Structure formats: C-alpha cells, structure tokens
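Everything on this sheet refers to the single structure shown next.
Every value quoted in this text rests on a predicted model; they were computed, and no experiment measured them.
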Amino acid sequence: GSLALISDAGHMATDAASFVVALVAHYVSRRPPSARASYGYARAEVLAAFVNALAMLALVVFIAVEAVDRLLRPVPVAGEIVMAVAIAGLAINLFVAWRLSRAHGNLNARGALLHVFGDILGSIAAIVAGAVVAFTGWTPVDPILSIVVALLILRSTVALLRESGGVLMEGVPGHLSYERIGHALAALPGVASVHDLHVWAMGGGRIALSAHVVLAAGTDWPATLAAAQRLLAAEFGID
C-alpha cells in the first residue's frame, strides 16, 4: 500500500525499458558514417538520454497526482513489509548506480543513472515511510515523502532535458562562449573577419565548428587554417 514503494517499482519498470534503449543507442552510436548518415550515429546516445528524461518526467507527474489523491484519501500501509522490500531495493540500486557512475562524460549513461538515482531516492523514502508508519501509524508520511522525491527527480530531469535538447537543437555547448570563440578566431594574424560561425556538439563529447574566415591575403590560407585549428583545439577543445 506504500506510494513510495509503488513509485520505486515504477522507476524499476521504466529502468528496464530505458536500459534497453541506452544499450541499443550505445551500439548504434559506434557505427561508422554511411551514405545515409554522413555524420555518423553519435547522437543516438543523446536521443536516448532525451527519451529517458521524458519518461522520468511522466513518472514525476504520476507520483505527484497519486500523492495528492492519497493525502485526500489515506490508504493503509504495511510498514514492516515496506521497510524490508525497500532495503533490498536500495542495495540493488546502489550497486547499479556505482557501475553506471564509472561511465564519465557519457550523456546516455547519465540518463540511465538519473533513473537509478530516482530509484535510490524512492527506496530511501520507502524505508523512512515504512519506519514512520510501523512505529507511529501516521500514513500521510508516505505520499508526502513521495512528493519530495518527485521534486528532487524533477530538478535532475529538467537539467538532462535542457542539455540533451540543446545538443539535438545544435545549440552551442554550455561550457563554451560563442562570442569568445569568434573574437579569438578574428584575432588571428592575417584574418580580416569571421562570419557564419556555428558551434555545436556532434555527440559523444565531441565539439564541431564551422565558419567563413576572410583573409587579408588569400595566399595565407594554409598557415591561417593550421593556426585556427591549433587555437580551437588548445583553447576550446574543438577538433
């Protein structure tokens, strides 16, 4: 009868689906470019992260609606059983989170880790809710803790949606300054102006740039191109 435990179970169910999506995306992203996909498939992982975040958003809405309903119409909760199941779930979720946390810089793995983070919060909330109900009999603590967990998950979900959506919309990566890059290129010796500058994430942590660079002397283009490439790689991590 615990909403916190039901929420945790719901997370686990969506995790099973999201992990399949993440695994497929991981292998798809490693495929080389083709005549149908000249940029390759690196963004498959970003798309998977975006889908995972949307699934979490739907779960947050479900938890919130159900919690309000249970505050208005309380449901009996078997505190001792809730605690036992939640402790077992917490142990499993901590192990999975530890494994996923080792995939540094992978947006797809972060999307999967977000699901497990939600599971951990759900397990902790269920343990606390079960303990309070078992020792005090106060059942409103269960939906209240579920709402708290939903708000915590919502914060991380919105951040992941913003980041993955920015990549899919080919926005400038958040850690880079568009103006600073443009000024740095324009300051190179022999460069008269820079226009049509675009900076975006290819996926998999790789940043791409395209621009039209007008030179004072057209014969200087090989040296200027090499200097621009060195500048972008050294100062901004763009290869």
Side-chain angles (χ1 to χ4, degrees), residues 18-57 100-114 155-239:
S18 67
F19 286 160
V20 171
V21 172
L23 187 62
V24 171
H26 173 69
Y27 284 105
V28 170
S29 68
R30 297 165 65 183
R31 295 173 58 186
S34 65
R36 298 294 300 174
S38 59
Y39 280 111
Y41 297 86
R43 283 200 183 153
E45 292 191 330
V46 180
L47 183 60
F50 187 77
V51 171
N52 284 344
L54 288 179
M56 284 301 295
L57 200 59
L100 285 172
S101 65
R102 299 168 69 184
H104 301 291
N106 188 312
L107 194 61
N108 185 34
R110 276 189 55 197
L113 182 59
L114 176 60
R155 182 174 179 272
S156 299
T157 300
V158 169
L160 184 62
L161 275 174
R162 185 184 297 115
E163 185 174 355
S164 58
V167 175
L168 294 174
M169 294 297 293
E170 298 190 337
V172 177
H175 67 286
L176 295 176
S177 168
Y178 179 84
E179 290 79 11
R180 185 171 166 232
I181 293 172
H183 289 311
L185 286 173
L188 286 171
V191 174
S193 65
V194 177
H195 59 94
D196 289 336
L197 174 65
H198 300 281
V199 185
W200 71 99
M202 294 286 292
R206 296 192 66 185
I207 311 300
L209 176 148
S210 71
H212 291 172
V213 180
V214 180
L215 305 181
T219 55
D220 293 339
W221 75 264
T224 304
L225 176 60
Q229 290 173 327
R230 287 194 300 268
L231 168 73
L232 294 172
E235 297 292 329
F236 307 103
I238 300 173
D239 64 351

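Summarising the geometry, atom CG belonging to Leu225 is positioned 9.5 Å from atom CZ belonging to Arg230; distances are rounded to the nearest 0.5 Å. To the nearest 0.5 Å, atom CG of residue Asn52 and atom CG of residue Leu57 are 12.5 Å apart. Atom CZ in Arg102 sits 10.5 Å away from atom CG in Leu100 (nearest 0.5 Å). Atom CG of Leu215 is separated from atom CH2 of Trp221 by 10.0 Å, given to the nearest 0.5 angstrom. Rounding to the nearest 0.5 angstrom, the gap separating the CD1 atom in Ile238 from the CZ atom in Arg206 is 12.0 Å.
Between Ser34 and Tyr41 the shortest heavy-atom distance is OG-OH, 3.3 Å. The shortest heavy-atom contact between Met202 and Ala208 is CG-CB, 3.6 Å. Shown here for Ala44 and Ala25, the closest heavy-atom pair between the two residues is O-CB, 3.5 Å. Across all non-hydrogen atoms, the minimal contact from Ala53 to Leu160 is CB-CD2, 4.0 Å. A pairwise comparison of heavy atoms in Tyr178 and Leu197 identifies OH-O, 2.8 Å as the closest pair. Closest approach of Thr224 to Pro189, counting heavy atoms only: OG1-O, 4.2 Å.
Side-chain contact check for Leu185 versus Val191: every heavy-atom pair is 4.5 Å or farther apart. Counting heavy atoms from C-beta outward, Asp196 and Ser210 have side chains that stay 4.5 Å or more apart. The side-chain heavy atoms of Glu170 and His198, taken from C-beta on, include no pair separated by under 4.5 Å. Two residues are said to be in side-chain contact when any heavy atoms from C-beta on lie closer than 4.5 Å; Ile207 and Trp200 fail this criterion. Between Leu188 and Val213, the closest side-chain pair of non-hydrogen atoms is not below 4.5 Å.
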